[in-house]
Amino acid sequence: MLDHTTSEITPRKALRVNPAKTCQPIGAMYAALGINRCLPHSHGSQGCCSYHRSHLTRHYKEPVMASTSSFTEGASVFGGSPNLRQSLKTIFQTYDPDVVAVHPTCLSETIGDDIPTIVKKASEDGIVPRGKWVIHASPPSYAGSHVTGFSNMVKGMVDYFTNKGEKKVKGQINILPGYVEPPDMRKLKSMVAEMGLTPVGFPDTSDVLDTPKTGHYEMYPPGGTKGEKLLTTGASEYTMAMGHFSSKDPAAHLELKGGVPFTLSDTPIGVQATDRFYQGIMEATGAEIPKAQLDDRGRLVDMMTDYQHYLYGKKVALWGDPDQVISLAEFMSDMGMQPVCIITGTPGKIFEKRLKAILEGKALMPVIAQKQDLFYLHQVIKKQPVDLLVGNTYGKYIARAEDTPFVRFGFPILDRAGHSYFPSVGYKGGIHLLTSIVNTLLDRQDRDAPDERFELVL
Amino acid sequence: MSDLKSCPTVEPDEFVDKTLKNYPPKVAKKRRAHMLVRQESEENQNINANARSVPGIITQRGCCYAGCKGVVIGPYGDMVHITHGPIGCGFYSWLTRRNLFKPGEDGKNYSTYCFSTDMEEHDIIFGGEKKLKQAIYEAYETFKPNAISVHATCPIGLIGDDVQAVAREAEAELGVKVLAFNCEGYKGVSQSAGHHIANNKLFSEVVGTCDQPIEGYSVNILGEYNIGGDAWEIERILKKCGIRVGAPFSGDGKFEEMTSAHMASLNLVMCYRSINYLADMMETRFGIPWAKVNFIGVSAMSKSLRKIARFFEDPELTSKVEQVIQEEEERVYKELAPYKERLQGKTAMLFVGGSRAHHYQDLLKDLGLTPVAAGYEFAHRDDYEGSQIVSDIKLDADSRNIEELKVTPHPEKYRPRLSPEKQKQLEEEKVLKHYHGMIPDMPSGTLVIDDISHAELERLILDLRPDIVLSGIKDKYVIEKFGIPSKQIHNYDYSGPFSGYEGAINFAREIDMMIHNPAWKFMASPFEKKPLLTAELGVDK
């Protein structure tokens, strides 16, 4: 398995091997699915839309609806305006969404299609029915990753929906969950609601990518943030934005456009990041943390001590999306584990800076790298073997090659169940994550134990 | 009264009209040409295919890159395949197709790796040729593959990187074959363009570059991609018959095998859509004839083996083939019997691929299921109507952009395998050079729909309520929300093989499991049947 990966790291200037990121549009598509009755639209070749839908479907085992401008060679030469106009015509008549969320692909970006102008003209020509929205994500070109694509689409939501100078609604706060799973989005809303506040969470893919099976298919499931709700985001008193990479830009834009102040917090995974999430909201709104949450917090800390001897000093390699990985590394370090290699494919020096700040003085400083790939991570751990791997499904080949226990976490997970049903955020999410980690390590201990050391009680 | 088998109340023509009402008028007109109601009394029923999908319609289709890198070239596991472009395309085509690979004696296996030039803004602005060349060097230095391929994605064509020149230079300097494919996603109208581009390059730069003789009754298998191990089951059966596989194109394929593929006696064509170009060109250039086969389904497998025996016309081989068929069929039919009993009379729809929607009908029929509607995702008219109509197909602008190679017989390597008389006879018998297409196998009253849209699929399910739908990943969970099982026929729901005799048993077991899954009956909760009193009051108010 991965026999051609050697421990000797030779510098690579051009070749990406086994990436730890993917491209922007899939993140934009995922974010757009978090708007109620929204059809994401991929302005480019058919393959992009097909790949993104397929990959999201593999991860969620759920319908993922989106349309494409179906560029041909002609469109690539002469521009994609006719394709987008035809798309909007077909979409509104055939599929009747409330919102179409257009994102460019690298093809339409390279041509320089001006999406807002094309859409404006289409609206003037009556192609966009009254009362319907067509929004778009502005690309910062080829920079970034699926995480920045997500962030850009969320920024696009602010662009089109947030109004200036709204009268503030007492107790209403915006929740920007960042690039997390549907159960996380659901959990964050309920955590805020339990504080007696009114959350406007967006995007919100819960009840979109985890719908019940009843024998009735609905192209637009009940979930997702409604357009009318998004129109009130400027009336919120405050925004809690989670994750520098996926939420900072939209939050800053929301402040600028709607005059809503924000706190930028780490994705609330683990004790400390969840503490900071509550502290941020409490300071800004004066609301209190519910007793039930404090109890969950206590249970999480209880587990962290109960299982300490299976966790303490365990070396871990971590990879994935920066916002999640930062919080996860802190959580693991708080459990006494020792991250030795932490990478993300998403570019951004803040990743290294934030992790260094978090891990400073705690243990041996791990190898930390942004804009890196799994080939590199594998090479690092060949030299410094680890006890546990934590990351997306692509790590399964490394786990097999090195015979290392592996907890799947992040996007995408293509070969295990549960990620789209159980939250990782909040204290309860921490309990769930810790359970996966401990059980994975214990499974390995049992597997490797000789008969005389194979014990009943652990 | 309709004779549409699944649902006597559905009048197929009315159904088509009803479906088209969802569309803007111009779109409806276009889509009408891609649908037909099968009438066995009518010969030469026409359907439009390989035409542009309407923007916004929600098509199943992918792109040219997917057809080239993803389908035809990607399965060669001892090669390093570099995607030249931003990261997404390489990422999504990384291990997702399930073209299984076992390395040869040299141990070279790059099938679990993903290679990309990960082009960023700077590279797009200033051009990516240098980066590509550097990437090829780095790939060679680190991995020492048996060959390298380069696949251009959308923006590469627009910024004008000369990937062919870079490949030529790198090949000369490194001494390893570097194949560059201009398979930008916007070319053509679907994956199909990519198949053609891949075929052209394999033909012009790889096949016939080495002359290693292949002993015995030798065949190449074209258009078999070893999804879930299909190729291994086929190989098992052929080997048992004493037939040797020279080169597979391209499931479980190794680069070197391709170079001597022209030395085999016969080309067997599985997925006609993705590889007929290579079969045709090899025949013209090297004199190797091709026969269309279908290794999916018990009767189809046996029929295909008899076709091969007919070609070699050797009594010893023929008797061996008959013996294998008898042995295998006896065992398989015994195992299939209980499934067949439970599946008899069930209905199926198939919307997938460029050949599979036809191939799997044979297997479904073996199990007693009736196909009621079918269509391809990226096929051409000949896949529906038969290979005899190829010359009637008018090339549109999108197809004309894909190069047609001019092929002539090789001055030294052209070697006819049969006498002109025998060749003619086998062509007349439709053993060679013939694919009859899907339509003739569809019974009257069934529907054929090309490049089906989401709206059409939804309508079909609601009106026809089939017992199972064979489709792909994007449709699967939509269909299953309706309470109807859907089997993925691109990736087999991570199972397989489904080919040959063993495969038929695997498939039957899974179809039976899916249709009879006890969980379906829990979809309606017991609480919905008796509405609560308060709810009734609410309505009255």
Side-chain angles (χ1 to χ4, degrees), chain A residues 1-4 10 12-19 21-23 25-26 44-48 50-51 53-55 57-58 61-65 67-76 83 86-91 93-95 105-107 110-111 141-143 211 213-217 397, chain B residues 22-24 27 52-59 61-63 65-66 85-92 107 109-110 112-121 124 131 134-135 138-139 142-143 154-155 158-159 185-187 189-190 397-398 401 454-455 458 473-474 477-478 481-483 523-524:
Chain A
M1 189 53 55
L2 298 178
D3 292 342
H4 307 282
T10 45
R12 278 175 286 134
K13 281 193 244 153
L15 188 68
R16 174 72 59 219
V17 187
N18 303 346
K21 65 165 180 183
T22 182
C23 64
I26 195 170
S45 298
Q46 276 162 192
C48 311
S50 182
Y51 274 144
R53 288 181 64 202
S54 298
H55 230 55
T57 305
R58 290 180 189 116
K61 319 287 185 226
E62 285 287 310
V64 174
M65 300 313 299
S67 53
T68 164
S69 287
S70 295
F71 270 47
T72 57
E73 198 149 2
S76 309
N83 295 58
Q86 179 61 54
S87 297
L88 293 173
K89 258 185 225 167
T90 317
I91 289 166
Q93 164 134 12
T94 312
Y95 297 112
T105 66
C106 54
L107 172 58
T110 308
I111 305 170
S141 202
Y142 305 87
T211 61
K213 185 163 279 155
T214 59
H216 305 287
Y217 166 74
Y397 293 89
Chain B
N22 289 323
Y23 295 130
V27 176
R52 293 179 186 181
S53 302
V54 176
I57 201 161
I58 310 192
T59 166
R61 285 171 164 180
C63 65
Y65 165 85
I87 197 67
C89 308
F91 183 84
Y92 304 116
N109 179 3
Y110 311 97
T112 54
Y113 291 84
C114 166
F115 305 92
S116 168
T117 53
D118 191 7
M119 294 277 280
E120 291 184 319
E121 189 163 14
I124 298 286
K131 190 172 195 186
Q134 176 71 20
E138 289 173 4
T142 313
F143 296 98
C154 291
L158 295 177
I159 64 173
Y186 54 75
K187 287 192 172 157
V189 298
S190 69
D398 299 308
N401 287 336
H454 173 76
E458 227 185 281
I473 180 89
K474 298 190 291 290
Y477 299 99
V478 172
K481 288 289 180 203
F482 283 103
M523 285 190 304

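Naming convention: chains lettered A, B, ... in sequence-line order (proteins, then strands); numbering from 1 in each chain. Side chains are part of it too, since the values below use all heavy atoms of this structure and drop only hydrogens, waters and symmetry mates.
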How long is the span from the [atom1] atom in [X] to the [atom2] atom in [Y], to the nearest 0.5 Å?
X	Y	atom1	atom2	result
A/Ile91	B/Ile57	CD1	CD1	10.5 Å
A/Ser76	B/Lys187	OG	NZ	10.0 Å
A/Arg58	B/Lys474	CZ	NZ	8.5 Å
B/Ile58	A/Ser67	CD1	OG	5.5 Å

Taking only residues two or more places apart in sequence or in another chain, which ones pass side-chain contact (heavy atoms from CB on, under 4.5 Å) with B/Arg52?
->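 Result, side-chain contact (heavy atoms from CB on, under 4.5 Å) vs B/Arg52: A/Thr72, B/Val189, B/Asp398.
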For the residue pair A/His55 and B/Tyr92, does the interplanar ring angle fall in the parallel (under 30°), tilted (30 to 60°) or perpendicular (over 60°) class?
->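 Plane angle over 60°, so perpendicular.
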Name the option with the most non-hydrogen atom pairs under 4.5 Å to chain B; the candidates are [options].
options	value
A/Lys89, A/His216, A/Arg12	A/Arg12
A/Asn18, A/Val17, A/Ile111	A/Asn18
A/Gly44, A/Ser69, A/Gly74	A/Ser69
A/Thr105, A/Ile26, A/Asp3, A/Leu88	A/Ile26

Can you list the steps and then say if B/Val54 with A/Gln86 is a side chain to side chain contact (heavy atoms under 4.5 Å, CB included)?
-> CA-CA 8 Å; B/Val54 176; A/Gln86 179 61 54; 4.0 Å; yes
Check the pair B/Tyr113, A/Leu2 against side chain to side chain contact (heavy atoms under 4.5 Å, CB included), reporting the backbone distance first and the verdict last.
-> CA-CA 8 Å; B/Tyr113 291 84; A/Leu2 298 178; 3.7 Å; yes
Where does [X] contact chain B at under 4.5 Å (heavy atoms): side chain, backbone, both or neither?
X	value
A/Tyr51	both
A/Ser87	both
A/Asn83	both

List the steps, then state whether side chain to side chain contact (heavy atoms under 4.5 Å, CB included) holds for A/Thr110 with B/Cys154.
-> CA-CA 9 Å; A/Thr110 308; B/Cys154 291; over 6 Å; no
Flag the pair B/His454 / A/Tyr217 as yes when their ring centroid distance falls below 6.0 Å, and as no otherwise.
->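 Ring centroids of B/His454 and A/Tyr217 are less than 6.0 Å from each other.
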To check you understand the geometry: which heavy-atom pair defines the closest contact between [X] and [Y], and what is its length?
X	Y	result
B/Thr59	A/Arg53	O-NH1, 3.8 Å
B/Gly62	A/Gln46	O-NE2, 3.1 Å
A/Thr90	B/Pro24	CA-CG, 4.1 Å

Under a 4.5 Å heavy-atom cutoff, which of [options] has the most pairs with chain A?
options	value
B/Ala139, B/Gly185, B/Ser116	B/Ser116
B/Gly483, B/Ala455, B/Ala66, B/Cys89	B/Ala455
B/Ala135, B/Ser190, B/Ala397	B/Ala135

Any sub-3.5 Å donor-acceptor pair from B/Lys481's side-chain atoms to A/Thr211's backbone N or O?
->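 Checking the backbone N and O of A/Thr211 against the side chain of B/Lys481, a donor-acceptor pair under 3.5 Å is found.
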Report yes if some heavy atom in the side chain of [X] is under 4.5 Å from a heavy atom in the side chain of [Y]; otherwise report no.
X	Y	answer
B/Glu138	A/Thr10	no
B/Pro86	A/Cys106	yes
A/Ser50	B/Cys63	no

In terms of heavy-atom proximity below 4.5 Å to chain A, should B/Val478 be classed as side chain, backbone, both, or neither?
->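 Both parts, backbone and side chain.
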Can you tell which part of B/Ile124 gets under 4.5 Å to a heavy atom of chain A, answering side chain, backbone, both or neither?
->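 Answer is side chain: those atoms of B/Ile124 sit under 4.5 Å from chain A.
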Do B/Tyr477 and A/Thr57 get their side chains close enough for a donor-acceptor pair, meaning under 3.5 Å?
->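 Side chains of B/Tyr477 and A/Thr57: no pair found under 3.5 Å.
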Which residues share a side chain to side chain donor-acceptor pair (under 3.5 Å) with A/Arg16, sequence neighbours left out =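 Per chain and number, A/Arg16 pairs via side chain to side chain donor-acceptor pair (under 3.5 Å) with A/Asp373, B/Asp118.
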